[in-house]
Amino acid sequence: MIIENKSVVALSYVLEVDGKVVDHAGSDAPFDYIHGTCMIIPKLEATLDGMSAGQDFECTVSPEEGYGEYDMAKVFDVPMSTFMFKGELRKDLLEVGRYIPLLNSAGEVCRAMVVDVKEDSVTLDFNDPMAGKTLVFRGTILSVREATEKELLEGLHGEFLPPQGGCCHGGCHGNGGCHGDGGCCHGGEEGHECHCGEEGHECHCGEEGHECSCGKN
């Protein structure tokens with residue numbers, strides 16, 4: 001059976017960025033997805049289209065084809081008060097290099113990296129970790145089968161069901177997906193700019209039902 005829309009595809013792969021392996025899925029725990037449902041990067045999906053089990057693949061994805069160029073406009077300060085919860089400052093979130101979940105103006109969870117902690121504000125970077133990067137995928141198609149009606153409705157792992165806790169259930173390195181790197185829906189995308197800390201856009205970081213758990217074990 002060849003890979004086409006509504007096929008369930010299982011594959012092993014390695015992802016290299018700047019000559020280093022940054023993600024992988026082995027044959028013992030393969031990555032699987034439903035083809036044609038926008039769960040993976042379009043360039044990678046196009047590469048896999050028409051292939052069959054047992055074939056090897058390689059795909060190079062430019063920044064324009066993947067996560068876009070790095071955008072300095074997505075690096076900005078938010079008030080320290082953004083991180084207040086029940087009258088206390090969430091100091092545990094304010095670690096340089098840590099990714100934290102925030103609610104954007106659409107009420108969705110977006111993820112940002114703490115760049116700097118100042119006296120009255122925190123500098124956050126809403127760029128995807130892969131922004132500006134060229135991605136090189138290499139792998140093997142392990143199996144291909146037709147998706148069931150239930151899988152087409154709910155997804156292989158419930159990713160098409162309504163999100164719980166405001167966290168996404170996207171696929172392998174897809175736009176807005178979350179596989180391994182823990183990315184959350186629409187962070188910093190056009191129409192979904194994060195306004196955490198602004199009037200009328202209170203941040204609910206770490207509150208019950210709002211903590212992002214994408215990519216956690």
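We're numbering straight along the sequence, starting at 1. Scope of the values below: all heavy atoms of this structure, side chains included, with no hydrogens, waters or symmetry mates.
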Handout entry: Ile141 vs Leu48 side-chain heavy atoms within contact, under 4.5 Å
Key = yes
Problem - In one Ile/Leu/Val/Met/Phe/Trp/Tyr side-chain cluster, 4.5 Å: Leu94, Val75 - result: no
Exercise for the section: May I ask you to check whether Tyr13 and Phe57 place their ring centers less than 6.0 Å from one another? Expected result: no
Problem - Which atom of Tyr99 lies closest to which atom of Pro129, heavy atoms considered - result: OH-CG, 3.3 Å
Practice task
First locate atom CE of Met80, then atom CZ of Arg90, and finally report the distance between them rounded to the nearest 0.5 Å.
Solution key: 14.0 Å
Fill in the blank from the handout: On a heavy-atom basis, the closest approach of Ile41 and Gly66 is CD1-CA, 4.4 Å
Completion exercise
In short, salt bridge (Lys or Arg N to Asp or Glu O under 4.0 Å) pairs touching residues 137-149 with sequence neighbours left out are Glu16-Arg138, Glu58-Arg138, Arg145-Glu151
Handout entry: Which residues share a side chain to side chain donor-acceptor pair (under 3.5 Å) with Glu95, sequence neighbours left out
Key = none
Practice task
Would you indicate whether the side-chain heavy atoms of Tyr67 and Leu135 approach each other to under 4.5 Å?
Solution key: yes
Exercise for the section: Compare all side-chain heavy atoms of Val17 with those of Asp23 and state whether any distance is below 4.5 angstrom. Expected result: no
Fill in the blank from the handout: Scanning both residues in full, the closest heavy-atom pair of Ser27 with Leu142 reads CA-CD1, 3.9 Å
Exercise for the section: Establish whether Val144 and Met51 are linked, either directly or via other cluster members, by ILVMFWY side-chain heavy-atom contacts under 4.5 Å. Expected result: yes
Exercise for the section: Flag the pair Ile34 / Leu156 as yes when at least one side-chain heavy-atom distance between them is below 4.5 Å, and no otherwise. Expected result: yes
Side-chain donor/acceptor pairs under 3.5 Å, residues 1-12, sequence neighbours excluded:
from : atom 1 : to   : atom 2 : distance (Å)
Ser7 : OG     : Glu4 : N      : 3.1
Ser7 : OG     : Glu4 : O      : 2.9

Handout entry: Validation row: Val122, Phe83 side chains within 4.5 angstrom (heavy atoms)
Key = yes
Problem - Side chains of Phe137 and Val14 in contact at under 4.5 Å (non-hydrogen atoms) - result: no
Practice task
May I have all residue pairs that pass salt bridge (Lys or Arg N to Asp or Glu O under 4.0 Å) and include part of residues 43-57, sequence neighbours excluded?
Solution key: Lys43-Glu65
Practice task
Evaluate the side-chain proximity of Leu15 to Val21: yes if any heavy-atom separation is below 4.5 Å, no if none is.
Solution key: no
Fill in the blank from the handout: Sorted by chain and residue number, the side chain to side chain donor-acceptor pair (under 3.5 Å) partners of Asp125 (sequence neighbours excluded) come out as Tyr70, Asn127
Problem - Within one Ile-Leu-Val-Met-Phe-Trp-Tyr cluster: Val61 and Ile40, side-chain cutoff 4.5 Å - result: yes
Exercise for the section: Tell me whether Val114 is reachable from Met84 by hopping between hydrophobic residues (I, L, V, M, F, W, Y) whose side-chain heavy atoms are closer than 4.5 Å. Expected result: yes
Handout entry: Parallel, tilted or perpendicular: rings of Phe31 and Tyr33 (30°, 60°)
Key = parallel
Problem - Salt bridge Lys20-Asp18, side-chain N to carboxylate O under 4.0 Å - result: no
Problem - Heavy-atom donor-acceptor pair, Glu88 side chain to Lys86 backbone, under 3.5 Å - result: no
Problem - Chi angles and distances behind the side chain to side chain contact (heavy atoms under 4.5 Å, CB included) call for Arg98, Leu93 - result: CA-CA 7 Å; Arg98 175 173 179 168; Leu93 297 175; 3.7 Å; yes
Problem - Heavy-atom side-chain contact between Pro63 and Glu69 under 4.5 Å - result: yes
Handout entry: Counterpart residues, salt bridge (charged side-chain N to carboxylate O under 4.0 Å, His left out), relative to Lys118 (two or more places apart)
Key = Asp77
Exercise for the section: Walk me through it: do Leu102 and Leu124 pass the test side chain to side chain contact (heavy atoms under 4.5 Å, CB included)? Expected result: CA-CA 11 Å; Leu102 301 168; Leu124 297 178; 3.5 Å; yes
Handout entry: In one Ile/Leu/Val/Met/Phe/Trp/Tyr side-chain cluster, 4.5 Å: Val117, Phe126
Key = yes
